[in-house]
Amino acid sequence: LIVRQGRIIRRYSPSRALTIPVVDISPFVSGTADNSGTTPAQIATAAALGDACERVGFFYVTNHGVPSKLLEDVQTMARRFFACDLRDKLAAEMQRTGQNMGRGYQQLGLNVTQGARDWHEAVDLFRELSEADLSEPQLQMLLQERPELGHILHGRNVYPPQFDADLVREYVACMRRLGAAVMRAMALSLALPPAHFEPLTSDSFWVLRFINYPARDAATAGHGDLVGLHSRGGDAALADGAVLGCGDHTDYGCLTIVNQ
C-alpha cells in the first residue's frame, strides 16, 4: 500500500510489485548551481526525477558524489553504537526538557507516531546555531511566535562517546550538497529555474537521525507480539503495543535522504 495522510492512495498486488526508480543525479552534482542554462543531461535527469516523484514518491540516486568510504564509516559507527548495552547507550540519553531537548539517544519505544510507540531506537542530531544565527530578525520573530522552539534551536548535540563528531559533520556537509543537487533537479522538473529553491534551502535547519530497527525474537516474529526488553536492561513497558518500526507519517522538512 501507498498511504498518504492516513488515506490509501494506491494498492500494489504481488503481480504489480512496487519498483523504486533509480535516478542518475550526476548532471546536477557537477553542474552549476545558478540559472545560467541547463544541459540535455540535466533535462533528462529532471524528467526522470519528476516522473519518480509523481508515480512512486521515492527514488534512489546514483553517481551522487558522496564517497563510499564515508557512507560505510558512518554506518559502521552507528552499528557499533547500537550494538552496545543499553546502560552505555543511555550515557547520551535524549533530554526531554532543557537546553538540549530532543537531541541524543532515544530508547526503543520512546518515539510515538499516530499515538502508537515505534519499534526503533535512534540518535537525533540537529544543526547547532551560532549566536549570530540566533540573533537574525526572522529567527527572533519565529521565537516570539513559537517560544517552545527556543530549547531546540539553542541546543547543542548530545554525541554518544562512540560517535566521531568530525565524521558526522563531514557527512552532513556531503548530504547538504547532495540535497542541493536534488532540489535543483526538482525545480527543473517543475519547469522552474534550477536555483529556484536555493533561497529557501541553502541555510536550512537540518536534522540527522541514526535509526536502528532491532530484530524481533524468532518466537514472536510475525505475530505482532513484543520482545521483552528486560534482557537488554530496559523497561518492556516502553515498547508496549509497538508493532511497526515507525507508523504512518510524513517527514517534516523539505527533503529526506536515506542511507541504508
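Both backbone and side-chain heavy atoms feed into the values below; hydrogens, waters and symmetry mates do not.
Q140 places a side-chain N or O within donor-acceptor distance of the main-chain N or O of L134, the cut-off being under 3.5 Å. Counting only distance, with no hydrogens or angles, the side chain of R176 and the backbone of S202 share a donor-acceptor pair below 3.5 Å. D24 places a side-chain N or O within 3.5 Å of a backbone atom of S26 that can act as its donor or acceptor partner. Without hydrogens or angle criteria, N157 side chain to F126 main chain gives a donor-acceptor distance under 3.5 Å. The closest donor-acceptor contact from the side chain of H154 to the backbone of G150 lies under 3.5 Å. For H120 (side chain) and G245 (main-chain N/O), a donor-acceptor pair under 3.5 Å exists by modelled atom type.
Pairs of residues two or more places apart, or lying in two chains, that qualify as salt bridge (Lys or Arg N to Asp or Glu O under 4.0 Å) and include a residue from residues 130-146 are R127-D133, R146-E148. Among residues at least two apart or in separate chains, there is no salt bridge (Lys or Arg N to Asp or Glu O under 4.0 Å) pair with a member in residues 250-260.
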Practice problem: Give the intermediate values and the outcome of side-chain contact (heavy atoms from CB on, under 4.5 Å) for residues V29 and N63. | Solution: CA-CA 8 Å; V29 172; N63 301 317; over 6 Å; no
Practice problem: For the pair F81 and F210, evaluate ring-ring contact (aromatic ring centres under 6.0 Å, His included) and give the outcome as yes or no after the intermediate values. | Solution: CA-CA 10 Å; F81 170 75; F210 294 86; 8.9 Å; no
Self-check item: Steps toward side-chain contact (heavy atoms from CB on, under 4.5 Å) verdict (T76, V74)
Solution: CA-CA 5 Å; T76 298; V74 166; over 6 Å; no
Practice problem: List the steps, then state whether side-chain contact (heavy atoms from CB on, under 4.5 Å) holds for V258 with F58. | Solution: CA-CA 10 Å; V258 180; F58 303 91; over 6 Å; no
Practice problem: Decide yes or no on side-chain contact (heavy atoms from CB on, under 4.5 Å) for L129 and F205, but give the supporting numbers first. | Solution: CA-CA 9 Å; L129 297 175; F205 186 79; 4.2 Å; yes
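Residue V158 is not grouped with residue M77 when hydrophobic side chains (ILVMFWY) are merged at heavy-atom distances under 4.5 angstrom, including chains of intermediate members. Y213 and I257 fall into different hydrophobic clusters, where Ile, Leu, Val, Met, Phe, Trp and Tyr residues are linked whenever their side-chain heavy atoms come under 4.5 Å apart, directly or through other members. When hydrophobic clusters are built by joining Ile, Leu, Val, Met, Phe, Trp and Tyr residues whose side-chain heavy atoms come closer than 4.5 Å, directly or via intermediates, I25 is grouped together with V66. Cluster annotation: V123 is not connected to I211 through the hydrophobic network of ILVMFWY side chains, with a link wherever side-chain heavy atoms come within less than 4.5 Å.
Annotation for W119 and P214: closest pair NE1-O, 2.9 Å, computed over non-hydrogen atoms. When every heavy atom of C246 is checked against every heavy atom of D118, the shortest pair comes out as CA-OD1, 3.4 Å. The minimum heavy-atom distance linking P160 with A92 is given by the pair CA-CB, 3.6 Å. Contact detail for V61 and H64: the closest heavy-atom pair is O-CD2, 3.6 Å. Residues C53 and F59 come closest through the heavy atom pair SG-CE2, 3.8 Å. Between A185 and L49 the shortest heavy-atom distance is CB-CD1, 3.8 Å.
Taken from CD in Q75 to CG in L70, the straight-line distance is 10.5 Å, to the nearest 0.5 Å. Separation of atoms CG (L71) and CD (Q260) is listed at 12.0 Å; rounding is to 0.5 Å. Separating the CD atom in Q42 from the CZ atom in F28 is a distance of 4.5 Å, to the nearest 0.5 Å. Distance check, rounded to the nearest 0.5 Å: NZ of K89 to CD of Q162 gives 9.5 Å. Here the straight-line distance linking atom NZ of K69 with atom CD of E72 works out to 8.0 Å at 0.5 Å rounding. Taking CG of L167 as the reference point, atom CG of D73 lies at 6.0 Å (rounded to 0.5 Å).
For OH of Y60, the number of neighbouring non-hydrogen atoms (other residues, nucleotides, ligands) closer than 6.0 Å is 12 at most.
Using a 4.5 Å cut-off on side-chain heavy atoms (C-beta onward), V172 and M175 make no contact. The shortest distance between side-chain heavy atoms of V23 and T62 does not fall below 4.5 Å. Y159 is not listed as a side-chain neighbour of D164, based on a closest heavy-atom distance of 4.5 Å or more. Between D51 and P21, every side-chain heavy-atom pair lies at or beyond the 4.5 Å cut-off. With contacts defined as side-chain heavy-atom distances shorter than 4.5 Å, the pair M183/E198 does not qualify. Annotation: side chain of R117 is not in contact with side chain of N111 (no heavy-atom distance under 4.5 Å).
Under 4.0 Å is where a charged nitrogen must lie from a carboxylate oxygen, and between R103 and D124 no such pair does.
A donor-acceptor contact closer than 3.5 angstrom links the side chains of Q106 and R209.
Ring geometry for Y105 against F82 counts as tilted: the plane angle lies between 30° and 60°, on a 0 to 90° scale.
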